[in-house]
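Below, each value reflects all heavy atoms present in this structure, side chains not excepted, and no hydrogens, waters or symmetry copies. To find a chain, count down the sequence lines: A is the first, B the second, and so on, and within it residues start at 1.
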Amino acid sequence: MPELPEVETIRRGISPHVLEQTVARVVVRQSRLRWPVPSDLEQRLVGKKVVEVGRRAKYLLLRIGDGWLLIHLGMSGSLRIVEEATEAGRHDHIDIVFVNGRCLRLNDPRRFGAMLWVGRHPDRHPLLARLGPEPFSDDFDGAMLYDKSRGRRLAVKNFIMDQRVVVGIGNIYASEALFRAGIHPARAAGHISLARYVDVVHAVREVLGDAIEAGGTTLRDFTDENGRPGYFRQQLLVYGREGQPCGSCGRPIRCKTIGQRSSYFCAHCQR
DNA sequence: CTTTACGCCTGACGGC
DNA sequence: TGCCGTCAGGCGTAAA
């Protein structure tokens, strides 16, 4: 489900509710996520205070005491802030209950998400060690994309969705960014000029920034910490709009499978 | 090294 | 009404 704007929306939403809060107990109703939830998670967290709520790529990183809780939401995960007495619903797998009676609750129907404990700073954790730059960092620029793509024949859409190249872009924002940059998503990554990769960088930052401002994109079930949807769906220019007229040229938007994922584009405006 | 295909899961939806 | 195939915002792994 969530790409960078949705994870960032959740990070900002939960931060004021969990920062400086001390963990009272942890309830694990389902430990079989992408990887097993550590069986000693509760003993690691109880009595410790949340001192930082960070994000790296699509991972949430909660510094609790002197270690880090690493959360990934996979395709269908969400986090809510609820009173601890709130009855758990279907797929409410984990509660982190604080001494103030509030609770951070993970719901994930498909269980592609993860909750792991990392004792040291997670930068060199295997899941994070090989990640590319954050899209809003200075390390993400046209020259870097150009250099990394030379000799590569995969579609540019798959290239920018590769988290080792740049983090945070998933299936929605890859289509949206390439539309804004005027580049056909199936074009070979290695056959794109430096100037056009500069455009890609601007388009990526623009679309991710706009989406964060709108609180993310809700297609079916994304919600923030209060259960409210994000409103960027109204601003999607191509994603999910097959057959509808392109806002720029009026020709119908097309949908094609590229790398096993639905990809939306305008064949006239994107070359 | 690169590229491709496949699981992992549940739920929603469309066609019959 | 039910059943069955397809698809869904991710990503690690195996295979070629």
- Message: Could you work out, with side-chain hydrogen bond (donor to acceptor under 3.5 Å, both in side chains) as the rule, every residue matching A:Asn107, not counting sequence neighbours?
- Response: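 A:Asp92.
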- Pairing annotation in dot-bracket form, given for DNA chain B with Watson-Crick or G-U pairs under 3.5 Å and | for cross-strand partners: .|||||||.|||||||
- Charged N to carboxylate O under 4.0 angstrom, A:Arg56 versus A:Glu134? yes
- Can a salt bridge be assigned to the pair A:Glu83 and A:Arg102 using a cut-off of 4.0 Å between side-chain N and carboxylate O? yes
- Message: Does A:Arg220 qualify as a cation-pi partner of A:Phe222, given the criterion of NZ or CZ under 6.0 Å from the six-membered ring centre and within 45 degrees of its axis?
- Response: no
- Message: Through direct or indirect side-chain contacts below 4.5 angstrom among Ile, Leu, Val, Met, Phe, Trp and Tyr, which residues connect to A:Leu128?
- Response: A:Trp35, A:Tyr59, A:Leu61, A:Trp68, A:Leu70, A:Leu116, A:Val118, A:Leu127, A:Leu131, A:Val167
- Contact list for residues 14-27 of chain A, test salt bridge (charged side-chain N to carboxylate O under 4.0 Å, His left out), sequence neighbours left out: A:Glu20-A:Lys49, A:Arg25-A:Glu84
- Task: Find which nucleotide of DNA chain B each of A:Arg220 and A:Arg32 is nearest to by heavy atoms, and output the residue with the more 5' nucleotide.
- Result: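 Result: A:Arg32.
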- Message: Give me the distance, rounded to whole Å, that separates C:dG5 from B:dG7 when you measure between the P atoms they each carry.
- Response: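 Going atom to atom, P in each nucleotide, I get 16 Å.
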Between the protein and nucleotides 1-3 of chain B, which nitrogen or oxygen pairs come in under 3.5 angstrom?
| residue | atom | partner | partner atom | Å |
| --- | --- | --- | --- | --- |
| B:dT3 | OP1 | A:Arg153 | N | 2.5 |
| B:dT3 | OP1 | A:Leu154 | N | 3.2 |
| B:dT3 | OP2 | A:Arg152 | NE | 2.7 |
| B:dT3 | OP2 | A:Arg152 | NH2 | 2.6 |

- Message: For a quick check, with a 4.0 angstrom heavy-atom cut-off, what is the B/S/- contact string for nucleotides 11-16 of chain C, read 5' to 3'?
- Response: BS----
- Task: Take atom NE2 of A:His91 and atom C1' of B:dT10, then tell me their distance rounded to the nearest Å.
- Result: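 Rounding to the nearest Å, NE2 of A:His91 and C1' of B:dT10 are 6 Å apart.
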- Task: Kindly say if A:Ser76 contacts the phosphate of C:dG9, meaning a side-chain N or O under 4.0 Å from OP1 or OP2.
- Result: no
- At what distance, to the nearest 0.5 angstrom, does CZ of A:Arg180 lie from OH of A:Tyr173?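 That separation rounds to 10.0 Å.
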